[in-house]
Peer 1: 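Dumping the structure here so I can ask a few things about it.
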Number of protein chains: 2
Amino acid sequence: MSISDDSLLLKNQVCFPLYAASRILIQAYREPLEELGLTYPQYLVMLILWEKDGLTVSQIGEKLFLDSGTLTPVLKRLEANNFIKRNRSDKDERKVEIELTYPGKSLQAKATPIPEKIHSLLNQWEEGELSLFKIQVNKLIETLKH
Amino acid sequence: MSISDDSLLLKNQVCFPLYAASRILIQAYREPLEELGLTYPQYLVMLILWEKDGLTVSQIGEKLFLDSGTLTPVLKRLEANNFIKRNRSDKDERKVEIELTYPGKSLQAKATPIPEKIHSLLNQWEEGELSLFKIQVNKLIETLKH
DNA sequence: CTAAATTTAATTGTTTACAATTTAAAGCCG
DNA sequence: CGGCTTTAAATTGTAAACAATTAAATTTAG
């Protein structure tokens, strides 16, 4: 290197490994999700709605750190596939409430094996190591999100 | 939840926090990189070339876990901004070699403060904690990349 | 040597991300 | 009440990601 600073080396950064790891892991979801007719971001929206139905676009956005510019098209595709309905709120017409359809609710049962499949890819990891790692990643989000 | 399985909860997953953390951290690069006229993926390509110039598209792709479908447009934009040149190899005309231009090389000096800026966002992290975390993320990539 | 297989980039089409702007509704304040 | 600000979602435009296919050069087998 002409400039003597190792911090510009890819391997010494935090962000690149995170970026690569998240993409590679999302790839692992592709095949099982394809059987449900979902992409990974669509799956995340469904996870949230299975947990609590009827949230607004921005409530979903807060949980996923995504804005309406990203979510609106995702939600429209979920609606086109008949997994959700988008309804303007009666109380506040600025808000759009997202509700699961019957097929959307039914999909949850088909999704239950997925976390186990993904988890099995990490079988060389000790359980404690993995939980610690999750804690660290979540801590990183907390550090950065403001 | 109608189905009793906590593994479908967002907070219990590994992938979502990784995905969120990487996006939030990439956001932090946006402003400093904008001054250099680079996006984050473009910056990654430049980091690689600053380390070793003249690599082919697929050699860069191996390091970034990206294929030509993603890289070709990124490289074309870098070329349009006069940071790199794309040349068909003489020895093997299937290959395209990527070389830094003079402006591309000069950019490295302007990029040196960036890792420190990003690192300063993580000042609540102990140095040892951070290096351990990096090791873990890299280990995750090794676990998954095949 | 030559036809088939492989490799390398590029292309095509779909789906995110995300900044910036727009539109419309709701809240606020004199 | 009536303008002013704020909020919520959608829209617009740009740039990734990535699967699948294509095109061209190289390698391999017979």
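Values reported hereafter were calculated over all heavy atoms of this structure, with side chains retained and with hydrogens, waters and symmetry mates removed. These figures come from a predicted structure and were not determined experimentally. In what follows, every chain begins at residue 1, and chains take the letters A, B, ... in the order their sequences are listed.
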Peer 1: Whole Å only: how far is the CD atom of B/Glu34 from the P atom of C/dA20?
Peer 2: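 Rounded to the whole Å, the gap is 7 Å.
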Peer 1: Decide yes or no on side-chain contact (heavy atoms from CB on, under 4.5 Å) for A/Ile135 and A/Asn138, but give the supporting numbers first.
Peer 2: CA-CA 5 Å; A/Ile135 290 170; A/Asn138 279 296; 5.9 Å; no
Peer 1: Quick one: B/Ile24 CD1 to C/dA19 P, roughly how many Å, whole number?
Peer 2: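 After rounding, the gap between these two atoms is 12 Å.
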Peer 1: Checking contacts here: which listed nucleotide (D/dA17, C/dC18, D/dA20) is nearest the side-chain heavy atoms of B/Thr70?
Peer 2: D/dA17
Peer 1: Applying side chain to side chain donor-acceptor pair (under 3.5 Å) as the test, list every pair that has at least one member in residues 121-130 of chain A; sequence neighbours left out.
Peer 2: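 Residue pairs passing side chain to side chain donor-acceptor pair (under 3.5 Å), neighbours aside: A/His119-A/Glu127, A/Trp125-B/Thr143, A/Glu129-B/Lys139.
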Peer 1: Nearest whole Å is fine: how far is D/dA16 P from B/Arg23 CZ?
Peer 2: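 Those two atoms, CZ and P, are 16 Å apart.
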Peer 1: Strictly below 4.0 Å: does A/Tyr19 bring a side-chain N or O up to OP1 or OP2 of D/dA17?
Peer 2: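 True: A/Tyr19 side-chain N/O within range (under 4.0 Å) of D/dA17 OP1/OP2.
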Peer 1: Give me the ring orientation class for B/Tyr40 and A/Tyr19: parallel if the planes are under 30° apart, tilted from 30 to 60°, perpendicular past 60°.
Peer 2: perpendicular
Peer 1: In whole Å, I'd like the distance from the CG atom of B/Leu64 to the P atom of C/dA9.
Peer 2: 14 Å
Peer 1: Considering only heavy atoms from C-beta outward, does the side chain of B/Met46 approach that of B/Gln108 to under 4.5 Å?
Peer 2: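 Side-chain contact under 4.5 Å: no.
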Peer 1: Using the side-chain heavy atoms of B/Leu66, tell me which of these nucleotides is nearest: C/dT16, D/dA17, D/dA9.
Peer 2: D/dA17
Peer 1: Starting from P on C/dT16, measure out to CD1 on A/Ile26 and report it in whole angstrom.
Peer 2: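 It works out to 11 Å between those atoms.
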Peer 1: Please state whether the phosphate of C/dT14, meaning OP1 or OP2, lies under 4.0 angstrom from any side-chain nitrogen or oxygen of A/Thr39.
Peer 2: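 Looking at the OP1 and OP2 atoms of C/dT14, neither is under 4.0 Å from any side-chain N or O of A/Thr39.
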Peer 1: Does OP1 or OP2 of D/dA8 have a side-chain N or O of A/Gln59 closer than 4.0 Å?
Peer 2: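 It does not, given that no N or O in the side chain of A/Gln59 lies less than 4.0 Å from OP1 or OP2 of D/dA8.
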Peer 1: Does A/Ser58 have a side-chain nitrogen or oxygen under 4.0 Å from the phosphate oxygens OP1 or OP2 of D/dT7?
Peer 2: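 For A/Ser58, the contact criterion (side-chain N or O under 4.0 Å from OP1 or OP2 of D/dT7) is not met.
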Peer 1: Please determine whether a side-chain nitrogen or oxygen atom of A/Gln27 lies at a distance below 4.0 Å from atom OP1 or OP2 of D/dA19.
Peer 2: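 For D/dA19, OP1/OP2 do have a side-chain N/O of A/Gln27 under 4.0 Å.
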Peer 1: How many Å lie between CG on A/Leu55 and C1' on D/dA9, as a whole number?
Peer 2: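 The distance from CG of A/Leu55 to C1' of D/dA9 comes to 16 Å, rounded to the nearest Å.
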Peer 1: Just how far, in rounded Å, is P of D/dC18 from CG of A/Leu25?
Peer 2: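 For the pair A/Leu25 CG and D/dC18 P, the rounded distance is 12 Å.
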Peer 1: If I compare all heavy atoms of A/Glu99 with all of A/Asp53, which pair ends up nearest, and what's the gap?
Peer 2: CA-OD1, 3.2 Å
Peer 1: Which atom names give the shortest non-hydrogen contact between B/Ala109 and B/Thr112, and what distance separates them?
Peer 2: O-OG1, 2.7 Å
Peer 1: Scan residues 71-96 of chain A against DNA chain D and write down, sorted by residue number, each residue with any heavy atom closer than 4.0 Å; if none is found, say none.
Peer 2: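 A/Thr72, A/Lys76, A/Arg86, A/Arg88, A/Arg94, A/Lys95, A/Val96, in order of number.
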Peer 1: Should B/Gln136 and A/Gln136 count as side-chain neighbours, where that means a heavy-atom distance under 4.5 Å?
Peer 2: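 No - every pair of side-chain heavy atoms lies 4.5 Å or more apart.
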Peer 1: Using whole Å, what does the distance between atom C1' of nucleotide D/dA16 and atom CZ of B/Arg30 come to?
Peer 2: 15 Å
